[in-house]
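For reference, the structure is listed below as structure tokens.
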Amino acid sequence: MAKKNKKQTTDTEVEAELNGKNDDYDDSRNKKKLKKNKKRKKIPTVSMAVPASIIDNVPTLELATRLAGQIARAATIFRINEVVVFDNKSNLENDSVLDNLDDESGAAFLMRILQYLETPQYLRKALFPMHNSLRFVGLLPPLDAPHHLRKHEWGPYREGVTVKERDSNSGATLVDVGLVKNVIVDEIFEPGRRVTVAMGTNRNLDSDLPHQVVSSSKPSEEGAYWGYQVRYAHNISSVLKDCAYKGGYDFIIGTSEHGQIIKSSNLEIPSFRHLLIAFGGLAGLEESIEEDDNLKGKHAQDIFNLYLNTCPHQGSRTIRTEEAIFISLQYFQEPISRVLEG
């Protein structure tokens with residue numbers, strides 16, 4: 001598939017490059033020290049886990065890019081907070097996220113495209129060096145997410161990247177937030193860091209008053225959808241045990257043609273903090289469980305709180321994973337909304 005850089009990349013380096021761009025979800029993209037007297041609002045999150053094998057089965061780079069774009073669109077349309085890309089690897093020590101061949105692995109490729117598309121267009125050149133895997137991203141439709149603000153738009157928050165230049169008067173950090181002029185922020189950061197900036201109501205960019213850098217979860221706490229995080233997992237058990245949210249996932253749903261059939265209107269999901277919806281590859285979640293040494297002898301019903309068939313009576317022998325994602329996320333819309341509104 002996509003040619004990777006000639007430089008050999010270790011497992012640790014790749015996880016730092018791809019997973020590390022998100023920082024810790026608890027601290028979010030900006031490890032901003034919050035004031036002790038302010039309690040952060042707890043916002044329920046919805047995550048989805050997708051297998052990297054769906055990329056491995058695609059014959060060309062262009063088709064693989066389009067498939068990744070479909071997943072990014074689905075995640076954004078249905079307000080997914082986290083996308084976990086998982087492999088079916090048992091040995092953590094011997095396997096790398098990037099193959100030691102000329103091709104980038106499906107997991108690394110999918111993560112790169114997902115993160116690229118989630119990033120506002122005006123930040124991509126600074127945050128994503130040229131890479132062969134990105135050759136066809138120009139063919140993809142934009143996500144048009146709420147944090148992808150245009151140059152003429154003003155919002156309470158904007159995503160930005162810190163630049164090398166400092167303010168000539170105060171020496172403060174300058175941030176490119178996609179406007180005609182960089183803005184001053186109230187902290188010192190190293191260049192090339194993605195941050196969320198509170199823009200306030202003063203649209204005068206010539207003002208010397210600094211803007212505040214806030215946690216990237218701040219817009220979500222105020223009701224806005226602010227994109228998704230991307231995480232890598234070596235196998236399905238790693239998806240569950242290495243959850244980046246404090247306390248882990250408290251309700252886990254698996255999807256399969258072998259799952260239980262319940263009408264969406266009759267499905268009851270309990271109140272949750274962090275919900276995970278998992279999708280299988282060509283052979284389903286059953287294969288992922290069978291190939292995971294940590295889950296030997298277990299059945300899907302032992303692992304998931306619910307194991308559902310979201311598209312019964314299908315006319316095709318197979319439903320592709322990217323199709324199942326759209327079908328299932330629509331299926332879960334009403335049950336999830338009832339929980340969030342309750």
Side-chain angles (χ1 to χ4, degrees), residues 11-12 14-15 18-19 25 45-57 71 75 80-99 105-111 114 228-262 267 269-270 272-311 318-322 324-325 327-329 331-332:
D11 195 34
T12 304
V14 173
E15 292 207 41
L18 295 176
N19 264 349
Y25 296 4
T45 65
V46 180
S47 302
M48 71 176 185
V50 297
S53 59
I54 63 173
I55 295 294
D56 297 330
N57 294 323
I71 295 173
I80 296 298
N81 304 106
E82 177 195 40
V83 181
V84 186
V85 178
F86 68 92
D87 274 319
N88 288 338
K89 296 181 178 179
S90 300
N91 192 332
L92 187 67
E93 297 298 324
N94 294 335
D95 289 322
S96 172
V97 181
L98 288 183
D99 296 332
S105 75
F109 174 85
L110 181 53
M111 290 179 68
L114 290 174
Y228 53 78
Q229 305 277 2
V230 182
R231 176 168 70 88
Y232 173 74
H234 287 270
N235 46 38
I236 192 69
S237 60
S238 178
V239 171
L240 307 179
K241 72 178 182 179
D242 295 333
C243 174
Y245 295 111
K246 187 176 181 180
Y249 305 113
D250 49 349
F251 201 76
I252 305 168
I253 300 175
T255 60
S256 169
E257 62 179 326
H258 305 295
Q260 186 181 4
I261 298 176
I262 303 175
L267 179 63
I269 297 177
F272 61 85
R273 289 173 296 116
H274 305 297
L275 170 68
L276 172 70
I277 303 168
F279 298 92
L282 190 63
L285 283 170
E286 293 85 1
E287 181 186 59
S288 299
I289 294 169
E290 184 179 339
E291 293 186 4
D292 191 327
D293 289 343
N294 299 311
L295 301 176
K296 287 294 184 185
K298 290 192 175 183
H299 300 286
Q301 290 78 3
D302 303 325
I303 298 166
F304 301 100
N305 299 112
L306 283 174
Y307 199 56
L308 299 174
N309 181 350
T310 60
C311 188
T318 58
I319 296 179
R320 299 173 64 86
T321 302
E322 62 271 26
I325 289 173
I327 293 168
S328 299
L329 293 183
Y331 168 91
F332 288 118

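We use all heavy atoms of the structure for the numbers below, so side chains are in, but hydrogens, waters and symmetry mates are not.
The list of ring pair (Phe, Tyr, Trp, His ring centres under 6.0 Å) pairs with a residue in residues 275-306, not counting sequence neighbours, reads F304-Y307.
Panel note: side chain N309, backbone E257; a donor-acceptor pair is recorded below 3.5 Å. Judged by distance alone, the side chain of T255 and the main-chain N or O of A278 form a donor-acceptor pair under 3.5 Å. The main-chain N or O of A49 is never found under 3.5 Å from a side-chain atom of R231 such that the two would form a donor-acceptor pair. Formation of a donor-acceptor pair under 3.5 Å by the N81 side chain with backbone atoms of V46 is found in this model.
With values rounded to the nearest 0.5 angstrom, L276 atom CG is found 6.5 Å from L240 atom CG. Rounded to the nearest 0.5 angstrom, E287 CD and L282 CG are separated by 7.5 Å. Atom-to-atom distance recorded for L285:CG and D292:CG is 11.5 Å, nearest 0.5 angstrom. Distance check, rounded to the nearest 0.5 Å: OG of S47 to CD1 of I253 gives 11.5 Å. Rounded to the nearest 0.5 angstrom, E291 CD and N235 CG are separated by 10.5 Å. To the nearest 0.5 Å, atom CD1 of residue I277 and atom OG1 of residue T310 are 9.5 Å apart.
Residues forming a side chain to side chain donor-acceptor pair (under 3.5 Å) with D250 (at least two apart in sequence, or on another chain): none. Applying the side-chain contact (heavy atoms from CB on, under 4.5 Å) criterion to S288, with sequence neighbours excluded, gives F86, N88, I236. S53 is linked by a side chain to side chain donor-acceptor pair (under 3.5 Å) to nothing, counting only residues two or more places apart in sequence or in another chain. Judged as a side-chain contact (heavy atoms from CB on, under 4.5 Å), and not counting sequence neighbours, E290 has no contacts. Judged as a side-chain contact (heavy atoms from CB on, under 4.5 Å), and not counting sequence neighbours, the contacts of K241 are N294. For L114, the side-chain contact (heavy atoms from CB on, under 4.5 Å) partners at least two apart in sequence or on another chain are I71, A72, V83, V85, L110, Y228, V230. Applying the side chain to side chain donor-acceptor pair (under 3.5 Å) test to R273 and every residue at least two apart in sequence or in another chain returns nothing. Listed by chain and number, the residues in a side chain to side chain donor-acceptor pair (under 3.5 Å) with T45 are H274 (sequence neighbours excluded).
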Next item on the list: Mind running side-chain contact (heavy atoms from CB on, under 4.5 Å) on F332 and L275 for me, showing each step along the way?
Entry: CA-CA 11 Å; F332 288 118; L275 170 68; over 6 Å; no

Checklist line | Worked check of side-chain contact (heavy atoms from CB on, under 4.5 Å) between D302 and I289 | finding: CA-CA 11 Å; D302 303 325; I289 294 169; over 6 Å; no

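Residue S238 comes nearest to D242 through the heavy atom pair OG-OD2, 2.7 Å, listed as atom of the first residue, atom of the second, then distance. Taking all atoms of both residues into account, the shortest heavy-atom contact from E82 to A244 is OE2-CB, 4.4 Å. Listed here is the closest heavy atom pair of G280 and T321: O-OG1, 2.9 Å. Residues I262 and Y331 share a closest heavy-atom pair of O-OH, 2.6 Å. The shortest heavy-atom contact between M48 and L329 is SD-CD1, 4.0 Å. A107 and D87 get closest at one heavy-atom pair: CB-OD2, 3.6 Å.
Here the side chains of V84 and Y249 are in contact, with some heavy-atom distance below 4.5 Å.
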